[in-house]
Every structure is written in C-alpha cells, then in structure tokens.
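Accompanying notes for the structure given below.
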Amino acid sequence: MSLYQQQEIKLYNTLTRQKEVFRPLVAGKVGMYVCGPTVYQNVHLGNCRTFISFDVMYRYLKHLGYQVRYVRNITDAGHMVGDGDEGEDKVAKQARLEQVEPMEIVQQYTVGFHHVMEQFNALPPSIEPTATGHIVEQIDMTQQIVENGYGYEIDGTIYCDVNRLNELYPYGQLSGRKLEDLYSNTRELDGQDQKRNPLDFALWKKAKPEHIQKWNSPWGTGFPGWHLECSAMSQKYLGEQFDIHGGGLDLAPTHHTNEIAQSMACCGKQPAQYWLHTNMLTVNGTKMSKSLGNSFLPHELFAGSHPLLEQPYSPMTVRFFFLQAHYRSTVDFSNEALQAAEKGYRRLMAAFQLLPKLSPANSFATSSTAEDVALNALLDECYACMNDDFNTPQTIAVLFGIAAKINAYHHQQAPLGDLQSATFERLKMVFSSMIIDVLGLLDETNAADSGVTDGLMSLILEIRANARANKDWTTSDIIRNQLTALGISVKDGKEGTTWNLG
Ligand code: AMP
Ligand code: ZN
C-alpha cells in the first residue's frame, strides 16, 4: 500500500474558502499547474517564496507516492506593465530599455530564474511551457470562446464577455465577490471604451505597428492576453480539468479569475478542483514587489550585499526561513527573523548529522515501550502536519521534538534500546526524508559551502565593479588575474558580470 493511500490530505481551497479532503481526479495521479515568472527582470525573494512553497507541495505529494505532473509556465509575452490590457508588454519594454531583442531578455532572465531555483534546491517542474511556444493553442482557444458566444471582436481585439459568462457561473467566485461589487470597484481604465463592459478582458490583442512580439491570427496581427497562456497550456498538458492550480494570492482576483472565465467559456468546466494561493512576503508590512522598489534579490542575501542586511544568509537559511511560516500567512522579512532561521536550520541539521552516528543498541525492545510509543507518535505527527494543508511550521516544530530525542539517544540520556528495531529504522527513514525529500533542505555542510562560494563570488565581483567604476584598473586587474589563476573565468556582458569554474 502506497503512503498516499494511508494519508488523508486536507487543502484550503480558495474557491470554496474551506479546507477540503484532497481527492485527485485519477487515483494515484496529480496534475498541478503553477503560474511561473514573467521573465523581464530578476526574480525577487517574494517570487521565490511562492515557488518554494509549491516546491514543497510537489515534493510531499511525490514523497507520498503520487505520480505528479507539475506544470509551471514561463511568461515571455503578453504580460503588460500594470497587469491590465493596455500599455506596453513588460518583456518588450525591458528589451527597448536594454536595446536588445525581447528573446534576449527572456533568455537572460529564464536562465537567472533557473539558477536561483537551483540554489534554493527547488526541483524543476515536469513541464515548463512558454507563452510564445503556445500561440497556436491560444488562438484555438480564443476561436472556441468566440464560437461559444463568450468572446467578441472589436477592431482586431477579442474580448471575453464577462456579463454573459456570469449567467453560466458566478464570475467573481474565486475572489468571493459578486459581479455588482466588482463593477462598483472598477476603475476607469484607458482603452476600456472599446469594450462592452469594464470587466471584459482581452483574450487576443491587436498589435500596434511598434509592438515587437506579434503573430498572425484570424483577426489580424496581434498577441495573446496575459491570462490566456495559462488556460491554454494547463489544458494542453493537464486536460480540461485537473487537480491543483496555484500561484501567489495577488493573482487570484484577476489573473486566476480570468483563467477560470476562459476555461468556462471554452469548455464549460472549472479548470482546477483546488485553487491554492501563497501569501505575500512583506518588508515592514508592505508586499515585496519590483514596482515598489522594496525587493531583495537572492544574490544580495547570499552575498549580504544589500544595505539593509547585517550579514549574508545561505540559500538553505532562507529556504528554512520561508518554511517556518505557513504558506497562507504573510511573512515579514527582517534580519532578526533570518538570524533566528539560521540558528534553527543549523540545530535541525546538527540532529540530522547525528542520525547515522547513532550506534544501534545491543538489543532492541521486543514489544512496545513508552519511549517507542512516544517516538512513533512524533513520527506520525510529521505526516499529520503536512496533511493539514502542508503545515510546514508545525512539521518543523515536530522535527525539533524528534531532534531532541536524537540528541538524547546520542548522549545516552535516553536508551535507544527502549525502541523496537523497526521504530529505530522508521526514525532514520522519516526524519531524513522529511528534511531532505519533503522540506528540500540540503545537508548543512554542502549547503553552507555552495552558499559561501556564491556569496564570496558576488562580493568579489562587486568590489571589482566598484574598482572599474572608479577607474581603479590596478585593483580590477589583480582580481581578474587572481580569479583566472584559481581557474575561475569572469565574463563581462551588457547585463553585468558572470563567472564560471574552469
Ligand atoms: P510575476 O513574475 O510578477 O508574475 O510573479 C511570479 C509569482 O510570484 C506570482 O505567483 C506572484 O503572485 C508571486 N509573488 C509576487 N510578489 C510576491 C511576494 N511579495 N510574496 C510572495 N509571492 C509573490
Ligand atoms: Zn497564470
């Protein structure tokens, strides 16, 4: 019997606003779609929090033996500055500013995103589709929506008809709002005069002559609306209906609401059974965001180079910091919280490192003892916490309880011989798989090594950049030559400096 058959998971479903028992559409299989990054700038730590939260869910479902198809897209076209229908495409704008091709922007920030995810030990998704790679599917979906009577064309742009859809199902369901409330909160937006109603949104947009990323369609040259890619790609890879759809909470009121609208308009079905949303990483209570200018970048943490940081923090410290909060709570970013996380992480890993050093007892108990029952209860509790809507902070609290036991066995304050041999084996199995496989924490020594190397390299390259800015060529040459002597090659590009070993 697989682990998943023994465990009952409950998930908080934003759609119904309650915890529900998780029942996948096909027994033993899970289809999960998560909205990925828009690759026009470096991902900040808030974005990372969201992706790490879903990484843990993916890991736990896999750990339980589910066959998971995890689809996380890359938005490389169609996402406008301001997140609405009007304005400039974020990728195209960045390309214009940097005077490069949009696809150079996409490549650079996709590679950067993957690097950061690797540093945080986040597993790659099963499929990582791009918006520009699925234009045909998006045109097909738009055509179907128009055919079904839920889309209309105005001068080469196709809008989704929200009022008509609301006759089919409550359009504002995901945000818990009625259509009238949504209308009363709608701002007057540029270009909305074209639409029949302010809540209608573009499925396909006519391209202005200066627009760079555009494609031929039955309605002329244009490009897909931001929401459409996720509907088209989730349908292609997971089917019209699948199990889990995730993303940051800020996506629920518009992007996800409109994804549901598109699926309902196209095939009359709610796309996902469970909508999971991560809460925001904040700085002094304000959402961390690129546009507010209060974002911290991962490499600034690893190098400790941000002016508000008192020290560098390794990728695993940051990962642990995130997991110490429930994914549905906000987390405020501070030096104190990160320093506490660093201590906690080290304490947990110290117990993990003791585990293989525990010398098995000369003889194990042959029947149940109080110690045996207590330890088994803690091991069960790890699963109970994860089953309760992926409650990682509680899981970590229980792991600390187990760590205390491991310390006691190691220092022989509690006799290992009070355990049955199967319980001793279970302790090793559950403790290490919860830390390594499920929470995705790397062994401290390795993690510390790679974090320190990355941190030192960022620091050295920053010193070199400052030297160059001050025309201090002697210092910058010494740094480059010494790095070359160490087998580290440094490459200066338009977007900054990169380094490679060998
Ligand atoms: P974007 O690249 O802006 O489309 O965002 C990628 C993902 O990061 C989305 O799921 C957002 O909801 C999420 N996100 C953005 N800001 C934050 C934040 N401060 N805390 C947590 N998640 C965030
Ligand atoms: Zn999306």
Side-chain angles (χ1 to χ4, degrees), residues 14 32-55 57 71-84 89-91 93-94 105-106 109-110 112-113 116-117 120 122 125 128-131 134 138 141 174 201 224-238 242 244-263 271-272 275-298 318 321-323 325-333:
T14 312
M32 175 161 104
Y33 187 94
V34 172
C35 294
T38 306
V39 282
Y40 71 108
Q41 269 183 5
N42 290 315
V43 280
H44 61 65
L45 228 53
N47 306 133
C48 296
R49 179 191 184 200
T50 285
F51 298 127
I52 289 171
S53 301
F54 287 104
D55 180 57
M57 299 179 197
V71 182
R72 187 185 64 207
N73 69 305
I74 293 281
T75 297
D76 55 355
H79 193 172
M80 314 308 266
V81 176
D83 295 346
D89 183 301
K90 293 187 181 196
V91 169
K93 180 178 176 190
Q94 196 63 26
I105 295 294
V106 166
Y109 293 109
T110 304
F113 170 61
V116 166
M117 287 295 103
F120 281 125
E128 196 170 44
T130 61
H134 295 77
Q138 294 179 80
M141 193 164 200
L174 194 66
F201 59 94
W226 170 38
H227 317 302
L228 189 62
E229 60 174 281
C230 292
S231 295
M233 298 191 295
S234 61
Q235 189 184 100
K236 172 157 179 160
Y237 297 111
L238 299 171
F242 52 93
I244 297 175
H245 194 310
L249 194 57
D250 55 336
L251 297 184
T254 308
H255 182 57
H256 290 163
T257 292
N258 288 343
E259 273 190 49
I260 294 177
Q262 291 163 156
S263 291
W275 284 86
L276 308 190
H277 289 104
T278 52
N279 214 325
M280 296 294 108
L281 177 66
T282 59
V283 185
N284 295 325
T286 306
K287 176 189 167 186
M288 184 179 287
S289 99
K290 291 165 195 165
S291 52
L292 290 176
N294 66 348
S295 51
F296 286 68
L297 302 181
V318 181
F321 162 70
F322 288 146
L323 301 183
H326 190 269
Y327 76 88
R328 283 194 291 114
S329 315
T330 54
V331 174
D332 204 52
F333 182 85

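Residues take their numbers from the sequence shown, with the count starting at 1. All ligand and atom numbering here is 1-based and tracks the order in the structure.
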In a check of side chain to side chain donor-acceptor pair (under 3.5 Å) between K90 and each of D76, T38, D83, which one passes?
D83

Enumerate the atoms of ligand 1 whose separation from the nearest heavy atom of N279 is less than 4.0 angstrom.
21 (C)

Closest protein heavy atom to atom 17 (C) of ligand 1, given as residue, atom name and distance to 0.1 Å
M280 SD, 3.5 Å

A student checking ligand 1 against P37 at a 4.0 Å heavy-atom cut-off should list atoms 2 (O)

Would you say N73's side chain and P129's backbone share a donor-acceptor pair under 3.5 angstrom?
no

Looking only at protein heavy atoms, which one is nearest to atom 23 (C) of ligand 1, and what is the separation?
G46 O, 3.5 Å

Heavy-atom neighbours of K93 NZ exceed 12 at 6.0 Å
no

Going by the order shown, which atoms of ligand 1 are within less than 4.0 Å of some heavy atom of K287?
16 (N), 19 (N)

Could you tell me the residue and atom name of the protein heavy atom closest to atom 20 (N) of ligand 1, and the distance to it rounded to 0.1 Å?
L281 N, 2.8 Å

Any atoms of ligand 1 less than 4.0 Å from a non-hydrogen atom of K290? List them with their elements.
2 (O)

Tell me whether C230 has at least one N, O or S atom under 2.8 Å from the Zn ion (ligand 2).
yes

Identity of the N, O or S atom of H255 lying closest to the Zn ion (ligand 2)
NE2

Where does the angle between the aromatic ring planes of Y327 and F54 fall among parallel (under 30°), tilted (30 to 60°) and perpendicular (over 60°)?
tilted

Does ligand 1 come near enough to G247 that some N or O of the ligand is less than 3.5 Å from an N or O of the residue?
no

Apply ring pair (Phe, Tyr, Trp, His ring centres under 6.0 Å) to residues F333 and H44 and explain how you reach the verdict.
CA-CA 12 Å; F333 182 85; H44 61 65; over 10 Å; no

Flag the pair W275 / E259 as yes when at least one side-chain heavy-atom distance between them is below 4.5 Å, and no otherwise.
yes

Check: Q138 side chain, A131 main-chain N or O, donor-acceptor pair, under 3.5 Å:
yes

Rounded to the nearest 0.5 Å, how far does CZ of F120 lie from CZ of F51?
12.0 Å

What about T50: any of its N or O atoms under 3.5 Å from an N or O on ligand 1?
yes

Test your reading of the structure: does T38 have an N or O sitting under 3.5 Å from an N or O of ligand 1?
yes

So which heavy atom in the protein is nearest atom 10 (O) of ligand 1, and how far is it from that ligand atom?
G248 N, 3.0 Å

Near M288 (heavy-atom distance under 4.0 Å), the atoms of ligand 1 are 16 (N), 18 (C), 19 (N)

Look at the N, O or S atoms of C35, main chain and side chain alike, and state whether any lies under 2.8 Å from the Zn ion (ligand 2).
yes

Nearest 0.5 angstrom please: R328 CZ to T278 OG1, how far?
11.5 Å

Check: L249 N/O within less than 3.5 Å of ligand 1 N/O
no

Should one rank L251, N47, T278, T330 by closest heavy-atom distance to atom 15 (C) of ligand 1, which comes out on top?
N47

Test H255 against every option in H245, H277, H227 by the ring-ring contact (aromatic ring centres under 6.0 Å, His included) rule and name the one that passes.
H227

May I ask you to check whether D250 has an N/O atom sitting below 3.5 Å from an N/O atom of ligand 1?
yes

With rounding to the nearest 0.5 angstrom, report the OH to CD distance, Y237 to E128.
11.5 Å

